[in-house]
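Working notes, beginning with the structure itself.
Counting starts at 1 for both ligands and their atoms, in listed order.
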Amino acid sequence: MKIGVVATGHVGVVTAVTLAHLGHQVVGTDIDQEKLATLRRGRMPFYEPGAEALLKEGVESGRLLFEDSIGALADAEVTFICVGTPPRATGEASLLAVEKAAVEVARQASSQTVIVEKSTVPAGTATRVRRSVSRERSDIEIAVASNPEFLREGHAVKDSLEPDRILVGADEEWVFERLRLVYKPLVDQGVPLFETNIQTAELAKHACNAFLALKVSFANALSFLCERADADVVAVADVMGADKRIGREFLNAGMGYGGYCFPKDLVAFERLASQLGYDFALLREVAAINEEATEAVLRKVKDALWNLEDKRIALLGLAFKPETDDVRFAPALALAKMLLDEGAEVVGYDPQAGANAKAEVPDLEIVGSALEALQDTHCAVLCTEWDEFRTMDLPAAKAAMKYAVVVDGRNVFDPTTVAAAGLTYYPIGRPSFS
Ligand code: UDX
């Protein structure tokens, strides 16, 4: 099937390369010509494990093309809109790019087609898109559908090719049929396909992200309590997670969730609920606990070092989570800014996200290895649980540092090993020791 993909951000590129891998003829487009040129050369514009191999495969096979304008998608049977939905000052998602892209796809379409919302959008967006599209074209049938992505950055290729489920919201049977053809290779392998009306699909996506964020914040709130009660939040999460109804995933306490989905989608969902006349106060609390989780780490650093003006602090990990170079809403950068505001010198290392972090926080010094970052520092804060930190040589770390103080913002280290290395240790929601 010929498929169009508008915008080549995280969601768009992964959608394009995986659909080409499934055998479809895919054309991607973007307003950023430089990004398109990079993609045509088979190079990824950002770090996502496994994506570059599929990109090369698609480009070399001729099944994956990147074209300058939406005109190249004129004969696509399905076009996925993967543009960004950044937050407005009010917290609502800005849907300007969604509207513009959909209208342009409709303007250029040469035959009956389906415009699919892939970006996370508030419930009701499809109705607005449909109205804009039908004002543009009434001579051909253009349907609107919702097919939210559930991709985790860093695992996006696997999440696309082996998803837990596929969700399609539509109003017409022919649209469901067309989307069934798009995903036939996956459904044939046993992936469950949920077909709902459009509003349900839009809401379900928000509900999933909000519930996952709720789990993380629940774990973080528990960590505050565990510290006061001399309990261990990791053990509490293990006990909770053994209950199949709860599940262990997303119960890791730490310095908070980040990324381009949870923080902004949560606010957008709360705004949407409020517009619909429901005060979803629980979601505001989830966001407040998340901020507190990062602030709690700052308090630990201050507790360990007292005044920060003359101190040098190392941040290990800058990306919002491992296996990505994305620093958007990264707790590590929020902490870096707080430490810099307090007058500390801050040096950071991340296996992938150093350049992006520097662009966001220019006063942050970036170095090329963990050991280099630790050199002559008074405290190290582990902010992102990259594997290479798990296996760090702790005695060498101690030798490099001025004060051997470690704040483990992701509970990565084994307390016994840390104790054996003679470090002063501040984990999250577990007993500290020196
Ligand atoms: C998320 C959703 O998982 C995905 O389905 C959706 O489509 C987009 O948003 P992503 O933002 O890539 O994906 O990251 P995810 O792996 O879900 O982690 C989100 C944040 O929560 C990260 O900052 C992570 O560090 C944090 N987190 C996660 C915790 O702090 N504790 C946990 O136990 C799990």
Aromatic rings Tyr257 and Phe262: how do their planes relate, parallel, tilted or perpendicular, breaks at 30° and 60°? perpendicular
Are any of the side-chain heavy atoms of Met338 and Glu295 separated by less than 4.5 Å? yes
Note: Phe262, heavy atoms under 4.0 Å from ligand 1, region reported as side chain
Could you label the plane-to-plane angle of the Phe269 and His206 rings as parallel, tilted or perpendicular, counting under 30° as parallel and over 60° as perpendicular? parallel
Any N or O of Gly259 that comes nearer than 3.5 Å to an N or O of ligand 1? no
Identify the closest protein heavy atom to atom 16 (O) of ligand 1: which residue and atom is it, and at what distance? Lys321 NZ, 2.9 Å
N or O pair under 3.5 Å between Glu153 and ligand 1: yes
Any idea which protein heavy atom is nearest atom 5 (O) of ligand 1, and the distance to it? Phe150 O, 3.1 Å
Any idea which of Phe320, Phe329, Tyr260 brings a heavy atom closest to atom 11 (O) of ligand 1? Phe320
Starting from atom 21 (O) of ligand 1, which protein heavy atom do you reach first, and at what distance in Å? Tyr257 CB, 3.2 Å
Between Glu385 and ligand 1, is there a nitrogen or oxygen pair with a distance under 3.5 Å? no
Looking at ligand 1, is there an atom of it that comes within less than 4.0 Å of some heavy atom belonging to Gly258? yes
Ligand 1 contact by Lys215, heavy-atom criterion under 4.0 angstrom: no
Polar contacts were defined as any N/O atom of the residue lying under 3.5 Å from an N/O atom of the ligand; does this apply to Glu149 and ligand 1? yes
Taking atom types as modelled, is there a side-chain donor on Glu57 or His21 under 3.5 Å from an acceptor on the other? yes
Does Lys205 reach ligand 1, in the sense of a heavy atom lying below 4.0 Å from it? yes
If you apply the rule salt bridge (charged side-chain N to carboxylate O under 4.0 Å, His left out), what do you find for Lys205 with Glu117, and how did you get there? CA-CA 12 Å; Lys205 164 67 193 194; Glu117 305 166 343; over 6 Å; no
Just checking, any donor-acceptor pair under 3.5 angstrom between side chains of Lys264 and Thr85? yes
Heavy-atom nearest pair, Ile366 first then Ala357, reads CD1-CB, 4.3 Å
Among all protein heavy atoms in this structure, tell me which lies nearest to atom 31 (N) of ligand 1, with the distance rounded to 0.1 Å. Asn252 O, 3.0 Å
Nearest heavy-atom pair of Ala102 and Val129: which atoms, and what distance? CB-CG1, 3.6 Å
Heavy-atom contacts under 4.0 Å between Asp159 and ligand 1: side chain, backbone, both, or neither? neither
Taking both backbone and side-chain atoms of Arg152, is any N or O found less than 3.5 Å from an N or O belonging to ligand 1? no
Which part of Arg410 is near ligand 1, with near meaning a heavy atom under 4.0 Å away: side chain, backbone, both or neither? side chain
Students often mix this up, so state it plainly: with edges at 30° and 60°, are the rings of His378 and Tyr403 parallel, tilted or perpendicular? perpendicular
Under 4.0 angstrom from ligand 1, any heavy atom of Cys261? yes
Tell me the protein heavy atom at minimum distance from atom 17 (O) of ligand 1, and give that distance in Å. Phe250 CZ, 3.3 Å
For Gly28 and Leu36, the nearest pair of non-hydrogen atoms, with its separation, is O-CD2, 4.3 Å
So is Arg165 actually on top of Phe194's ring, under 6.0 Å and inside 45° of the axis? no
Nearest heavy atoms of Ala145 and Ile198, plus distance in Å: CA-CD1, 4.2 Å
What I want to know is whether Val216 and ligand 1 share at least one N or O pair that is separated by under 3.5 angstrom. no
Under 4.0 Å from ligand 1, counting heavy atoms only, is it the side chain of Leu151, its backbone, both or neither? backbone
